[in-house]
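Everything below concerns the one structure shown next.
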Amino acid sequence: MPELPEVETIKREIEPFVVGRTIEGVEIKDHRNIKGISPEQFKNKLIGQKFKSLTRQAKYMLFELASGNYLTIHLGMTGRLLFEPDNYVKVIFNLSGKKDLYFSDARLFGKIRFFNEKPDLKLGPEPLQKEFTVEYFKNALAKRNTAIKVLLLDQKLLAGVGNIYANEALFRAGINPHRKASSLSDIETKRLHKSIEEVLAEAIKYRGTSDSWYVDAKGEKGEFQLHLRVYGKKNKPCPKCGTIIKREAMGQRGTFFCEHCQK
DNA sequence: ACCTAAACCTGGGCGC
DNA sequence: TGCGCCCAGGTTTAGG
């Protein structure tokens, strides 16, 4: 499941591939990933347009077109952007220079949208950017009765963290996922803030986590799955103390933690 | 405003 | 070998 590090990895690969190229054609194999506009309109809006820039905002890729229009792609759970097709291709972008970019998505949770101008994605600050300060984090958690694990997945509070890195950051910070957000001490908040930044930076370094579906634009797996400490480790020993890792559902998401190390 | 939970999807893994 | 069942989760939506 692509989170911030996975999307960043793909963004870095495809940026030089798309910028400056013109969209000469769009082939839609399944229209269900395209939101808010008919497949025909989508084609009409895009064909002939040139990519000016590509940026990432949290888990979104934001394609700026030379006209001032924008294209956003969210990969959902199983979305991929590929230089070569796989078995689940839904949309193909034919680019100038005889290059194709393939959007693949087995489970159809990915979303592709067209905007006339730069969209407001309604996201909170993202870790690794200066707006995500300890002070902001502290204020955002105060007065919240929700479990910290659930809040970490709230993209309006903090954009880019998904289930894998929420679990990993809490383990690194030694904080139990069930803790109410407002119950975290200043020291714990600071520790969690740091853990979030560290785990994301490390995951980018290892080109993302290929726990299940994720591959980069070249179709290659990342390596951060080799460095996971609790995510997906149900019934395995905690890497710090050897206690058996628990799995529970929280907010309908798998939550993995060590009862001994995470208080 | 806050909080919870269902719905959207289908490939893969499992049990039989 | 193959069938049926269940699980995976990011985001949106609905409802309390």
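Every chain is numbered from 1, with letters handed out A, B, ... down the list of sequences. Heavy atoms only: backbone and side chains are in, while hydrogens, waters and symmetry mates are out.
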Q.
For a quick test of reading the model, state the closest non-hydrogen atom pair linking Gln262(A) to Ile175(A) and the distance between them.
A. NE2-O, 2.9 Å
Q.
Taking transitive links into account, so neighbours of neighbours count too, which hydrophobic residues share a cluster with Met250(A) at under 4.5 Å side-chain distance?
A. Val150(A)
Q: Answer with base, sugar-phosphate or nothing: what part of the nucleic acid does Asn145(A) contact at a heavy-atom distance below 4.0 Å?
A: sugar-phosphate
Q) With Watson-Crick and G-U wobble geometry limited to distances under 3.5 Å, how should the secondary structure of DNA chain B be encoded in dot-bracket form, using | for bases paired to another strand and [ ] for crossing pairs? A) .|||||||||||||||
Q. Of Leu108(A) and Lys143(A), whose nearest nucleotide on DNA chain B comes first from the 5' end?
A. Lys143(A)
Q) How far does OG1 of Thr55(A) sit from CG of Leu62(A), to the nearest 0.5 angstrom? A) 4.0 Å
Q.
Between Phe132(A) and Phe137(A), is the ring-ring contact (aromatic ring centres under 6.0 Å, His included) condition met? List the steps.
A. CA-CA 7 Å; Phe132(A) 182 61; Phe137(A) 197 39; 5.3 Å; yes
Q: Spell out, as yes or no, whether a donor-acceptor pair under 3.5 Å connects the side chain of Asn33(A) to the backbone of Gly110(A).
A: yes
Q) Other than Ile244(A), what residues sit in its cluster of Ile, Leu, Val, Met, Phe, Trp and Tyr side chains whose heavy atoms are under 4.5 Å apart, directly or through others? A) none
(Q) Once ring pair (Phe, Tyr, Trp, His ring centres under 6.0 Å) is applied, do any residues pair with Tyr102(A), and if so which ones, sequence neighbours excluded? (A) none
Q: Please determine if Arg179(A) and Glu188(A) form a salt bridge, counting it only when a charged side-chain N lies under 4.0 Å from a carboxylate O.
A: yes
(Q) Quick check for you: name the first and last nucleotides of DNA chain B, 5' to 3', having an atom under 4.0 Å from a heavy atom of chain A. (A) dC3(B) to dG12(B)
Q. Does Arg56(A) come within less than 4.0 Å of Glu15(A), counting only side-chain N to carboxylate O?
A. no
Q) Can you tell me how far CZ of Arg253(A) sits from NZ of Lys149(A), rounded to the nearest 0.5 angstrom? A) 8.5 Å
Q: Go along nucleotides 9-16 of chain C 5' to 3' and tag each nucleotide: B for a protein heavy atom under 4.0 Å from its base, S when only backbone or sugar atoms are that close, - otherwise.
A: BBB-----
